[in-house]
Amino acid sequence: MTEEHSPLSLGFPSVMAELIRRCTYFFLYDGSKVKGEGDPTREGICYFYPEETPVDKQELLCGQLAGVGRCVSELSSSPVRFLRLRRSKYAIRMKDDFFWALGCSVEVPTTSVCELLDQLINLFCFYNGSVRQSYQLNSQETLAARWGQYLSHLQPGSSEFHRIFSCLRTIDSTNVDPLLLLKAALILQACQRCPLVLAGCILFRGRVVSTQMTPKLTMKVMVHESETYSKRRNGSGASGRSGAAVSSTTVFLTLSELQYLQSAPVDKDLSSHSTPRRDAPQKKTRLSRTLSEMASSESDSSDLGPSQSPQKVSFSPCLSESDYSVSSPAPSQSADPLNLPSLSPEPPFSNEQHSLETPDQSYYQSFYSSEGGDSQVHSKGDGSVFEENSLLNGCGKEFDLRGAESGLEESHDNEEVVGDRGVDGCGSAQGQKAEVQDPPPSSGASDDPEESPLIPMMLYLHRVKGLVLALLVDPPFLSDTASMEEVYHSSLASLNGLEAHLRTISPGALGAPGPYIFTHFDCIQSTLTTNLSGRPGGAPEHPFVRATSLLHSHFCNTKTLQEAIIRSAGAAVYGTRSVAQETYFQQHGGSLRNSGIPNHQDSAFSLPSKARHRLLKHGVNLL
Amino acid sequence: MKCLLIASESAEVLFHWTDPEFQQNIQRQYGESQEEGQGLPAFEDSMSTLFAPIIISCSTMVDRLSDNYTSFTTENNHIYVLHQFDECLYIAVNGDGEEGEDILRRKIYVMKKMVEVMFGMVTLSSQLLRRELRPQDTEQRGRLWKHLQSLLETYSHLRENDQSFLVEAVERLIHPTLCEQCIEFLERRLVQQLNSSAERAGEEVLHAFILVHTKLLAFYSSRNASTLATSDLLAIIIMAQNMYPSNEDLDDPSPEDVESTSGSGHESFYTPEPSPTDRDSSSSDKAERESLPMFEFMDPDVQMAEDSLQALEAKMVYIPMMPHSMYCLPLWPGITLVLLTKIPTNAVAMSVYKFLEAFAKLEKCLHEGPEGSAATRGQLAINDIRSKLDKFIKALGPSELQSAQLLNVWTEFKNRAYARGGPGFNKDLIPWCKNMKTQLCGIYRQCFLIDPGPGDIPQRLSQGLQERAQTMAQEKLMDWRDFLLVKSKRNITMVSYPFSKTNPAPFLPTYLEDFPGLIHFICVDRSTGQMIAPSLSITERTTSELGKGPVARFIKNKVWNLVSTTRRFLRKGYSTVTLRDGDFYFCYFLWFENETGYKLEAGDTPILPDDSAPIGMLAWDYYRKLLRYYSKNHQGEVVRCYELLTVHLGVIPTEIILQHCRQLASKLWEPSRNPLL
């Protein structure tokens, strides 16, 4: 069973308190602001969590940790990565003059804290671009609010296991008709027929239904989605309304992320001749979470598309697919939709009404189109755009396809800001292209957004109640009205149908507590299956959680380790891992009373075979 | 890239050790601002400048957050481990990936242990210890640091290469007959003769033992002696190894070599130069004999019932460290006779300990609060010793500078505490408690650490007596010498079985035959602090059943990693661990038995924080505390604790592996076959 209730949603105040206690501090300190003897430490504090911490304590922690960090990194000629105190531990990142520290309680595995900090920084870069430039362009308060939001997204609500494995929250696939998952995958593939769409994912109530992106990228995308989702739910009058809306926001991809997306197989029959990397069949099935769970033959049927297959999609832009591949030389730009001025004839602020007929709805929707012409970008670009609607990202905007809601929630200041973030070479679509075609030597190797240039892209979101279609698109997509409409229309009915189905699925009654607990982590897809969460037992002091956490860090440190059984007086836990998965299993009941002396009849040593049998029905194959 | 540093709170370097790479690294960083060839003090300055910000930040964190750093890791995997003992901050660094955090922490604790063994209860006063560790005189400081550095290097070498220092338990030579003969020799002849001699200058031999390299051949304690803790025995072995290092290339004779050289030509094995380690070695012609004052730890409160290991730490204010003299007499290279004697002024140490404890108790009570039972308790502690301390000071005599100071402070203390209308027992007395403790430590130092003047020299076993002891032991072991040297390298091997008294048949089965697929095992009796394991010789010259060179080294590394892994799990309360790692299957078991060998039910093992003292017996006896913790529920029963580690080939079915483990666990310690006597 996929964990369906996080401890929080079941309302255990103690668990909430526990989680907050466990992530103690997070701060970003800018050493360049405190160079002179007399400079007060507070000048360098860009963000400090919890914000209510007294300033002198903030100064103390920032000053001491950053100071000690610098001293140690000078001694070792390498930045500090980790710092441990008696009562807490800190993951550290030092980059240029910036110093990040994320403090957790000592029980959290070291690797997990480091990963959490990386996630946090990557998340910031994903929505804001380079940190240095963000701080040049924005007020500290604005960015503080964003750090706060990313932090709150990563932190609470996640169970202990999510903390240990940093995995994606997915819908309970055992509880869902596989055909629905197939349908979701097909919607995504249909969207990719538009060459401006790189990849996408479908989320339902904050959980992944299907994704074409890497787990890390999916995780980043989900932050925006859950942010807007919760805003909508809590917003006045917005909740419960069956409103479908389209919105978009600028995001920044690392070069390796972009290359991965562009090399990924996309169902574009017309351009099968292109890049050599694009059509590895294994990759294809792996990319789509849902399809990997089907028979491989089914994936071939994808081109049939859903019943509402978008006949009207113009295929001509697909010819330019090669333009997106990293390796291809820059062709003549004439065929490139990115630069076709004819596609963006309207000025950016025009609220052109498009009449869109959908199967169940027959009213006009206002389409706040935005046009991404280079000239406009440069003329309009200034820092103020970040003060816009979404705190997550000021440059986000929403397109409301229903006039009824227009003007209530969104700023109409639909400025196209694709190119104006000041990221080097990204001022125009062409500049961006140039960069893509000229990767730095370390391309792909580094996931560090601070290391490699960040490439602005757009995140397009189409919401149908609790369901969201999120697409990473090339910026010109938003000015390409035809493509946008095609994508919108081709998916709308399917999304509605999918939403209706998913909604009716009960949250999946947790079976009676079985005679065993397990947790299964899919390292490739970053998904977790467990039968523990939702019970109060998910707390960190639970012996199973403790054992899992310990074994996980041991697996991380010992590459050759395949399986382990560890036993304390109270519990015996079996852990096994392969390249693709980690599984932990504990058997309840039965007398664990033993002398601790080696004995082959000991129940602890039958755990591996028990796990193999028991977990089969959860779709976990340990054979 | 290794370094160990002890610093005071004011960032003064009290001791440092660096390997050449680390030194080069420091010099490179400091190269520009420093002239070349300035030697030690200049390097010391660089060290202190570079580490100062870390040390000062530590103090700040303690003062303002009551928390402290325990470790740093950099992206290129340099590890810094920090630990503060009292006012001394220990920092251990590794930058070459050879030592993990646990090893560095262990090194720090071992360093502290060695300092305690050298300075005894003086270590209880940070103020005095600072002066002891960093003598003003540069030459003296150089000598002391060199000695400590070489102890640290000896320890590191043993930890990396000797299984008994890996698991921190003593390994005995498995030869029951010879062992018995030797014990008899030590008891009936050697110790008796020494203790009845007039040349012993009031000293009394309490413990005598023979070491072959690091392995114990025979151990004898006189009847009125307290037990020598495993921790102290291991520390003494380090010291003995430091004086007479085993030269691995030379004294690793293959059997053929022994044939050809037996009986004569032992010079060729002679250890070149014993390192001068102590002021006693000034008499150069007797350089091969060393005697050292050392301090044995006594456990005053065995009956203490404790709820947890932490509580135990809190309850023991101090561990008394009783002065002993250690005589290390080399018989041949690799074979050493060690004598531990009680010195005549021993009683002073016991008194000082009792006074120290009383003041420490009072200080603690005063910290807890002025009102209520705390202050009363503290007052009682002092009332108990008041007249004794008066007498003690009187007995010391007024001539000594130190005792005059003690008298002054004590008088002032009494004035404040007892004078009518005076401040009485309140927080104001705390500094005076501290002052009293410092003075008492000073007395201890004066009695046991300061070089006795030339007139006092006879206060030790005479040279003649030492020589006689040496000769007697040499005569006793002459015929066994070469056998012992070989035996110590191949104590048990996988192709032999340990000798058995009950089954001395010539064609014993071997481990390889009895346990197909078994590659290695280590079994430890934690109650006695002894271990047994097949030899893991990995020198190029000898071919063990593990093969030569790389294969043996590979297995050795696996074993070393396994021990550190199992300790990590044990620290978190897991007493059984099995791991399938590559082509191997590892098992670890810890269990308890009563005296008759009945297996007791597994108990909870306490969960320790990550920065707690390392699990082992050398620096901090985890197992003794574990035994007491476990014994809470087994009152009136003698509880024993055992550990077994095995390495099997991964292809062997798990059931078979577990059967092997079970057989090994019961066989090795069966009374009838117990190779350890």
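Every chain is numbered from 1, with letters handed out A, B, ... down the list of sequences. As the structure is a prediction and not an experimental result, all values here were calculated from the model.
Interface remark: A/Lys559 contributes no atoms to any contact with chain B (heavy atom separation under 4.5 Å). Looking at A/Ile92, neither its backbone nor its side chain comes within 4.5 Å of chain B, counting heavy atoms on both sides. Of the two parts of A/Ile566, the backbone and the side chain both hold a non-hydrogen atom closer than 4.5 Å to a non-hydrogen atom of chain B. Using a 4.5 Å cut-off between heavy atoms, B/Asp604 touches chain A through backbone and side chain atoms alike. With a 4.5 Å cut-off on non-hydrogen atoms, A/Ser88 touches chain B through its backbone and its side chain both. Residue B/Leu50 touches chain A through both its backbone and its side chain, counting heavy-atom pairs closer than 4.5 Å.
When side chains are defined from C-beta on, B/Tyr574 counts as touching A/Leu550, because their heavy atoms get closer than 4.5 Å. Counting heavy atoms from C-beta on, the side chains of B/Thr74 and A/Arg81 never come closer than 4.5 Å.
Here the straight-line distance linking atom OG of B/Ser71 with atom NZ of A/Lys89 works out to 9.0 Å at 0.5 Å rounding.
At a heavy-atom separation below 4.5 angstrom, chain A is approached by B/Glu655, B/Leu658, B/Gln659 within residues 649-659 of chain B.
In plain terms, the two heavy atoms of A/Leu61 and B/Met61 that are nearest each other are CD2-CE, 4.4 Å. Across all their heavy atoms, A/Pro598 and B/Arg662 have their closest contact at O-NH1, 3.0 Å.
The environment of B/Asp96 atom CG is dense: over 12 non-hydrogen atoms of other residues, nucleotides or ligands sit within 6.0 angstrom.
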- [ ] Dump the intermediate steps for salt bridge (charged side-chain N to carboxylate O under 4.0 Å, His left out) on B/Asp611 and A/Arg84, then the final yes or no.
- [x] CA-CA 9 Å; B/Asp611 64 323; A/Arg84 209 192 294 261; over 6 Å; no
- [ ] Go through the steps for B/Glu75 and A/Ser78 under the test side chain to side chain donor-acceptor pair (under 3.5 Å), then give the verdict.
- [x] CA-CA 6 Å; B/Glu75 277 176 14; A/Ser78 168; 5.2 Å; no
